[in-house]
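So that the names make sense, note that chain A is the first sequence line, chain B the second, and so on, each numbered from 1.
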Amino acid sequence: MKNYDHNIIEKKWQITWTKNKVFTSIEKYNEKKYYCLVMLPYPSGTLHMGHVRNYTIGDVLARFHRMNGENVLHPMGWDAFGLPAENAAIANDIHPAIWTKKNIICMKHQLKSLGISYDWEREVTTCNYEYYKWNQWFFIKMFEKGLAFRKTAKVNWCKTCNTVLANEQVINGKCWRCSQYTEYKNLKQWFIKITNYADELIQDSQQLSGWPNQVIAMQNNWIGKSIGLEINFKLTLSQYTLKIFTTRPDTIYGVTFIAISQEHNLLKEVECYIKNYDEIMNYISKNKMQQTNNEYKDTAGIMIEGIKAINPINGNEIPIFIADYVLIDYGTGGIMAVPAHDKRDWNFAKQHNIPIIEVIKNNNKSILYKPYEGDGILINSDRFNGLTSSQALAKISKLLKDTACGKQVINFKIRDWLISRQRYWGTPIPIIYCNICGMLPVPVHELPVILPKDIKFSTKTSTLKTNKSFINVKCPKCQQNATRETDTMDTFIDSAWYYARYCDPKNMKSVFNSDKVNYWMPVNQYIGGIEHACMHLVYARFWYKVMRDLELVKTSEPFSNLLTQGMVTLNGKVMSKSKGNTVSPDKIIKQYGADSLRLFILFAAPPQKQLDWTIEGLQGCRRFIKRLWNLFYIINVKAKSTATVNEKVKIVQLMHTTIKKVTYTMQSSFKFNTAIANIMELVNSLYVYQSKSNDCKTSLEVYKTIIILLYPFTPHICEELWEMLGYKTNLSYYTWPSYNCNVVKNDFIDLPIQINGKVRGTICIPIEASQELIKQYIISNNKIATYLKNKTIIKFIYVKKRIVTIVIK
RNA sequence: GGGCAGGUGGCGGAAUAGGCAUACGCACAGGACUUAAAAUCCUGAGAUCCAUUUGGGAUCGUAAGGGUUCAAAUCCCUUUCUGCCCACCA
């Protein structure tokens with residue numbers, strides 16, 4: 001018996017696959033394609049177990065679909081721009097390009113040692129100008145369409161990273177990269193008009209039946225569509241009309257104050273009428289002093305004295321407050337406050353002694369202690385009393401619209417995508433500023449605008465601003481001296497369209513060939529972490545729609561199916577470098593083999609769930625692989641033949657049901673853990689059968705099937721055993737086995753007999769037995785018959801091929 | 001606070017459409033092989049109690065409580081706990 005030496009076997013097959021270009025994919029326009037995509041990694045240094053899990057899952061599917069006769073695209077690349085490279089440059093005095101390249105080489109080597117079946121000829125690296133040139137090209141296209149624009153805005157600023165952040169990169173007031181509190185700054189920045197597509201992104205999410213509901217819910221919540229009424233409130237003394245946005249016009253009789261944001265331009269407009277103007281300005285400036293967005297005070301605010309708002313529905317005069325909880329950049333920056341039926345309004349009213357008027361009846365619960373935010377029957381609402389909330393909402397809305405006091409509007413939570421970064425390591429924004437001609441895009445034939453290599457790195461200014469030869473340029477229109485934009489693009493742009501570039505990665509003339517893209521796209525299966533539910537996946541969906549409107553692609557959604565894999569933990573805690581609880585894939589592969597690692601990662605939990613790393617579990621998987629290996633050497637050893645015909649039937653039948661279950665897993669459920677368990681059972685059964693039978697033919701047939709079924713999970717050992725069995729062809733394209741549950745006729749089944757809810761025994765009956773016959777079997781079974789002695793049978797239920805239930809008295 | 005997911009042995013986790021709960025694996029115990037250990041192979045095992053010469057038997061059991069049903073981990077109601085995401089979005 002030869003020893004199982006994973007190091008030799010795995011290396012051998014990895015070299016064979018590469019040498020024979022086994023996984024190189026080309027367009028075959030008349031063949032069914034399968035595009036399997038995993039989220040491209042940031043080249044941070046080395047692979048972690050999360051990567052291993054992600055890419056192993058993808059590999060299982062890619063390998064299965066190849067065996068299923070589909071033309072598979074399974075590419076890999078590098079999300080290579082970004083801050084860590086620059087931070088490493090500052091800390092270790094190494095250029096980001098060199099640092100990144102070094103990491104890519106290391107991680108690529110690791111991926112190969114895992115035996116992932118990528119088509120490396122399609123490798124994409126986003127920091128290469130061959131790639132980011134097309135970022136710039138897209139930017140110019142969007143600029144021309146008005147989708148990319150520049151404006152001054154209050155932006156989130158991270159002092160530590162020395163750059164702006166998009167809203168969604170600020171988590172609980174902290175920078176998503178360095179976890180420091182951010183602050184606000186007013187700056188001129190580049191934005192992309194994702195809001196133009198907000199409605200479509202929500203609409204089309206309904207088509208994403210292959211996505212987890214959770215992700216769709218998260219995205220829709222993040223985009224945050226809300227339909228409501230913009231209502232005009234006239235003011236006393238002034239001609240100024242204050243607009244507010246509400247989704248609850250049915251509560252308008254309960255309005256007891258108006259609240260506006262401190263940035264609201266009402267203050268300037270009616271300054272002369274405001275009695276406590278100085279006090280208000282004082283309040284605001286004090287507020288600004290302490291303004292980082294790390295905390296909010298839900299009841300802070302100040303009343304504007306000397307002017308009131310008039311409720312358009314009943315003419316009541318109500319006070320106006322500046323309230324910290326009202327946001328300037330949502331809706332109109334002002335609200336009608338209904339403390340009886342809104343928690344925030346209620347808290348504010350309590351704090352400032354504002355009356356609370358109940359207008360929606362809530363079954364016997366008092367609003368003295370808690371606002372009621374649900375629907376109900378209207379009270380204190382004049383002629384609308386007695387209507388339900390929804391009836392009143394329609395009627396009041398109509399009245400306000402008819403009297404020109406209101407109009408229907410739709411608001412979104414999502415803001416335009418802030419893409420400028422004041423950093424070096426990113427795609428330069430291809431814009432030139434000329435004193436004479438103004439702001440101009442770089443002409444397309446001059447692309448790419450290459451990121452210069454010579455930059456001084458320091459914590460203060462790691463930007464292109466320090467590079468004079470980059471900045472100074474001639475105006476493309478008038479040829480006078482001009483300057484380049486020095487901001488670079490958010491790296492989420494790189495990953496918003498990379499999946500399309502894989503379809504034609506070496507194209508130098510255009511972003512990609514449309515025949516190729518339209519053959520491969522959309523991605524059949526996308527796999528990655530749930531942490532990208534909102535940012536990356538929304539940007540990618542948005543970008544794809546822009547590409548569609550540029551007539552580059554024909555469909556509207558890039559990813560048909562999405563699998564979000566769970567985290568890998570150690571003792572229930574996330575593995576991270578800072579916690580020092582990481583497990584290195586390299587060491588594991590060396591000691592136990594890539595096949596064992598892959599098998600454990602797939603077996604320990606269903607892919608969507610959290611996976612806790614245990615070395616004992618890994619060792620168990622290695623033990624199984626060795627059992628499979630040893631089986632090769634005992635399969636031809638003749639045993640004394642004690643196996644019955646029935647046992648042969650059973651093992652063949654088990655083989656077919658295993659094929660069925662594993663196939664189902666691969667096609668739809670992705671519960672690889674149970675598929676592997678099923679194969680383990682078959683191996684266990686084969687051990688037992690082999691020890692009893694000299695029927696080598698059957699054993700060999702089952703063994704061969706096991707190897708094929710296991711191939712997507714543990715490809716190296718399967719290739720090796722396949723070769724040892726005498727097959728010359730590569731297993732990668734060997735046809736996946738079909739199953740036939742009727743291939744062996746089983747005439748008898750074991751049927752459990754339940755009496756008064758308890759299983760009292762099992763009988764073996766002909767599969768087509770009638771109820772009468774079954775009764776006879778039961779009576780002739782001594783054990784079961786005892787329970788029926790001297791009892792009356794009240795009910796006799798036979799669920800075909802499943803169970804018999806008898807109720808007795 | 002809102003939304004989603006979930007609670008099954010010592011542990012990770014199984015269980016088509018309501019039909020034998022705990023598959024598979026880990027850890028554990030016993031045995032075989034061995035000078036010994038490792039490795040390997042075989043066997044056992046939800047809990048409690050009873051009976052043990054062999055064979056076994058009873059009760060309880062899928063977070064807790066209730067309901068529907070011949071039959072519930074699965075369906076319905078109430079309670080509770082955990083995880084994740086979102087959170088001044090009017």
Do A:Lys154 and A:Tyr184 meet the cation-pi criteria used here (NZ or CZ under 6.0 Å from the six-membered ring centre, within 45° of the axis)? yes
Look at the side-chain N and O atoms of A:Lys692 and state whether any lies under 4.0 Å from the OP1 or OP2 oxygen of B:C42. no
Checking A:Asp612 now: which residues fulfil salt bridge (charged side-chain N to carboxylate O under 4.0 Å, His left out) with it, not counting sequence neighbours? none
Testing B:A39, B:A90, B:C20 for proximity to the side chain of A:Val326, the answer is B:A90
Look at the rings of A:Phe632 and A:Tyr703 and say which category their plane angle falls in: under 30° parallel, 30 to 60° tilted, over 60° perpendicular. tilted
Anti versus syn assignment for B:G9, with syn defined as within 90° of 0: syn
Gap in Å between the two C1' atoms, one belonging to B:G2 and one to B:C60, rounded: 40 Å
Of B:C70, B:G25, B:G1, the nucleotide closest to the side chain of A:Lys343 is B:G1
Separation between the C1' atoms of B:U68 and B:A58, rounded to whole Å: 28 Å
Please determine, for the side chain of A:Ile803, which listed nucleotide (B:A90, B:A14, B:G19) has the closest atom? B:G19
What does the 5'-to-3' dot-bracket notation of RNA chain B look like when only Watson-Crick and G-U wobble pairs under 3.5 Å count, and pairs to other strands show as |? (((((((..(((......[....))).(((((.......))))).(((((.....)))))..(((((..]....))))))))))))....
Between A:Lys609 and A:Lys413, whichever has its closest RNA chain B nucleotide further toward 5' is A:Lys609
How far does the C1' atom of B:C70 sit from the matching atom of B:A47, given to the nearest Å? 27 Å
Looking only at heavy atoms, the pair that brings A:Pro312 and A:Cys405 closest together is CB-SG, 4.0 Å
Out of B:A15, B:A90, B:C70, which nucleotide sits closest to the side chain of A:Thr674? B:A15
Separation of atom CE in A:Met218 from atom P in B:C4, rounded to whole Å: 13 Å
Listed nucleotide nearest any side-chain atom of A:Arg623, set B:A27, B:C88, B:A58: B:A27
Does one side chain, of A:Asp324 or A:Tyr283, offer a donor that lies under 3.5 Å from an acceptor on the other? yes
Interatomic distance at C1', B:G61 relative to B:U48, whole Å: 10 Å
Quantified in whole Å, what is the C1' atom distance between nucleotide B:U8 and nucleotide B:A72? 14 Å
Minimum-distance nucleotide to A:Phe603 side chain [options: B:C24, B:G19, B:C4]: B:C24
I'd like the C1' distance from B:A45 over to B:C11, given in whole Å. 15 Å
With P as the reference atom in both, quote the distance from B:U78 to B:G83 in angstrom, rounded to an integer. 24 Å
Selected nucleotide, minimal atom distance to A:Thr805 side chain, candidates B:C70, B:A58, B:C24: B:C70
Do A:Thr714 and A:Phe624 have side chains that get closer than 4.5 Å, going by heavy atoms? no
Just checking, is any N or O donor in the side chain of A:Tyr325 or A:Asp345 under 3.5 Å from an acceptor N or O on the other one? yes
Measure from CD on A:Gln619 to P on B:A39 and round the result to the nearest Å. 9 Å
Under 4.0 Å between a side-chain N or O of A:Arg622 and OP1 or OP2 of B:C26? no
Side chain of A:Ala677, heavy atoms from C-beta onward: which of B:C24, B:C84, B:G13 has the nearest atom to it? B:C24
Going by atom types alone, do A:Asn347 and A:Thr299 pair a side-chain donor with an acceptor below 3.5 Å? no
B:G66 versus B:A51 - spacing of their C1' atoms, nearest Å: 37 Å
What's the closest nucleotide to the side chain of A:Gln754 if the choices are B:G19, B:C24, B:C41? B:G19
Counting N and O atoms only, with roles assigned by atom type, does the side chain of A:Thr569 sit under 3.5 Å from a partner on the main chain of A:Leu611, one being a donor and the other an acceptor? yes
Nucleotide nearest A:Asn684 when distance is taken to its side chain, options B:G13, B:G25, B:C42: B:G25
Hey, which of these two, A:Glu373 or A:Asp345, hits RNA chain B nearer its 5' end, going by closest nucleotide? A:Glu373
